[in-house]
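Notes for the one structure printed next.
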There are 2 protein chains.
Amino acid sequence: MATDRDSVLEAAVGVLSRRPTAHLDEIARAAGISRATLHRIFPGREALIREVGAHSLRKVAGALDTAAVEEGDAQSALRRLVDAVVPDAALCAFIAGESQLYDDPEINELWEIQDARVRALFLRGQQEGVFRIELSAGWLSEAFFDLVAGVGWAVQDGRLAPRDSAFSLAELFLGGALRRTETP
Amino acid sequence: MATDRDSVLEAAVGVLSRRPTAHLDEIARAAGISRATLHRIFPGREALIREVGAHSLRKVAGALDTAAVEEGDAQSALRRLVDAVVPDAALCAFIAGESQLYDDPEINELWEIQDARVRALFLRGQQEGVFRIELSAGWLSEAFFDLVAGVGWAVQDGRLAPRDSAFSLAELFLGGALRRTETP
DNA sequence: ATAGAATGAGACACCGGTGTCTCATCTGAT
DNA sequence: ATCAGATGAGACACCGGTGTCTCATTCTAT
């Protein structure tokens, strides 16, 4: 049974990433607690959503830390980031699908920080000659998160095996869909 | 002023792709009509959402037809598909973000048909030796639509210039983020 | 075993959105 | 000019979700 905040938040992400309009009853049931207890932990729906967003962003920030994206060559850093972020792909799916969060300044700032770190990674990679310069760092960052969210949804719905997710994400994003006769 | 069904549907997509929980007032205002007229055209919110989904899927099907994805070599077919679908990227963003649509069997079937066509394209490309076989056709299809939706959001929010959208999408998806010393 | 705290189940009022109605106004055709 | 049809604005009841409360039950520490 999940009684502490973080466990409830994890359960809430699982439900909300699929259906952002899920009722509090459903979220409470998913967390294994009653609606009354859910209300005791979080003052209301708005607060819950906000905390779920903040919690998700903290975990994304943790993944960026774990991957040490600021260190080493850019390609290896991105591969580390993929491995670190894929287990929390559902969180990214939630953040991506939740536009109303962007009204909250605190959430917005947290997101901006993480996005800037990823953009910086791509910019560094472009300067190192690792990443293509025809595609803007902003677009690379956005597309990367789109694919991470896509992986989250696909795994949740059983369309992609968790075992394959990191490989599929990294290979498609880095190498593209086209087959190459020789690797650079 | 938008009085016919399709104009209203287009306006509704513009609002709903950003905020799926937008009120009918907002949708009506975006379409330039009153809430009363909106109700005269569509019996209710549920019917409106369903029609918006069907309308979006019809346009995606039209894009697949326009691109003639079943003809020619797979890479050219995909590039044609990108050009055809990018103008309606917002529609894909709406479909991607709307999970509750999947309860409707008619919508589900329509979607399944289009997804199957795209999967067949990737399968054909893999058999032709154009697309990589390490990535499943199902994942390629899913990732492609994820990126199309991402383009739709990015363009809507002004983070990506419409002029660059087709190029950015096709190049990243086909070629990946890595810079190559030689093209195949 | 017992007291205190925490939880679950249910009841209930409140609120915002929706669906429906009426009526005034506007448009277009004759 | 006149009439029929369509539209907009507003009012209003209904409904589902939310927020709050109470009370019985369960868990936990002493």
Side-chain angles (χ1 to χ4, degrees), chain A residues 1-56 93-95 97-107, chain B residues 1-56 93-95 97-107:
Chain A
M1 190 179 311
T3 55
D4 53 304
R5 296 172 61 91
D6 280 8
S7 309
V8 175
L9 289 175
E10 292 281 351
V13 168
V15 177
L16 290 172
S17 62
R18 288 168 171 277
R19 215 145 23 78
T21 63
H23 306 323
L24 292 185
D25 297 29
E26 194 175 347
I27 298 173
R29 214 178 317 122
I33 62 178
S34 69
R35 198 163 66 89
T37 303
L38 183 62
H39 260 282
R40 288 188 185 102
I41 304 177
F42 303 102
R45 181 186 182 82
E46 189 185 339
L48 173 62
I49 300 278
R50 190 162 11 93
E51 297 248 20
V52 169
H55 176 257
S56 301
F94 167 76
I95 299 172
E98 200 67 7
S99 310
Q100 75 182 89
L101 282 178
Y102 298 176
D103 294 345
D104 188 285
E106 183 198 345
I107 301 287
Chain B
M1 189 181 315
T3 56
D4 53 304
R5 295 172 62 91
D6 279 8
S7 309
V8 175
L9 288 176
E10 292 282 352
V13 169
V15 177
L16 289 171
S17 62
R18 287 169 172 276
R19 215 145 21 79
T21 63
H23 306 323
L24 293 185
D25 297 28
E26 194 175 347
I27 297 173
R29 214 178 317 123
I33 61 178
S34 69
R35 198 164 64 90
T37 304
L38 182 62
H39 259 283
R40 289 188 184 102
I41 304 178
F42 302 102
R45 181 188 182 82
E46 189 186 339
L48 172 64
I49 300 278
R50 192 162 9 94
E51 297 248 22
V52 169
H55 177 258
S56 300
F94 167 75
I95 299 172
E98 199 68 7
S99 311
Q100 75 181 91
L101 282 177
Y102 298 176
D103 294 345
D104 188 284
E106 182 197 345
I107 301 288

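Chain identifiers are assigned alphabetically (A, B, ...) following the order of the sequence lines, protein sequences preceding nucleic acid strands; residue numbering begins at 1 within each chain.
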Distances under 3.5 Å between protein N/O atoms and the N/O atoms of nucleotides 18-21 of chain D, please, pair by pair.
residue	atom	partner	partner atom	Å
D/dT18	OP1	A/R45	NH1	3.0
D/dT18	OP2	A/L24	N	3.3
D/dG19	OP1	A/R45	N	3.4
D/dG19	OP2	A/R45	N	3.2
D/dG19	N7	A/R35	NH1	3.2
D/dG19	O6	A/R35	NH2	3.1

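- Nearest heavy-atom pair, B/I107 versus B/A54, reported as atom, atom and distance to 0.1 Å: CD1-N, 3.5 Å.
- For the OP1/OP2 pair of D/dA9 and a distance below 4.0 Å, the side-chain nitrogens and oxygens of B/S34 include no atom meeting the criterion.
- Note: CG (B/D4) to C1' (D/dT7) measures 15 Å, nearest angstrom.
- Qualifying side-chain contact (heavy atoms from CB on, under 4.5 Å) partners for A/H55, counting only residues two or more places apart in sequence or in other chains: A/D6, A/L9, A/E10, A/R58, A/K59.
- Atom CG of B/L38 and atom P of D/dA6 are 17 Å apart (whole Å).
- Distance OG/A/S34 to CG/A/L24: 12.0 Å, rounded to 0.5 Å.
- The interatomic distance linking A/I27 (CD1) with C/dG8 (C1') rounds to 18 Å, in whole Å.
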_side chain to side chain contact (heavy atoms under 4.5 Å, CB included) between A/R45 and A/I49, worked out_ = CA-CA 6 Å; A/R45 181 186 182 82; A/I49 300 278; 4.2 Å; yes
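- Contact detail for B/R18 and B/P20: the closest heavy-atom pair is O-CD, 3.6 Å.
- Between A/A30 and A/A11, the shortest heavy-atom distance links the atoms O-CB, 3.9 Å.
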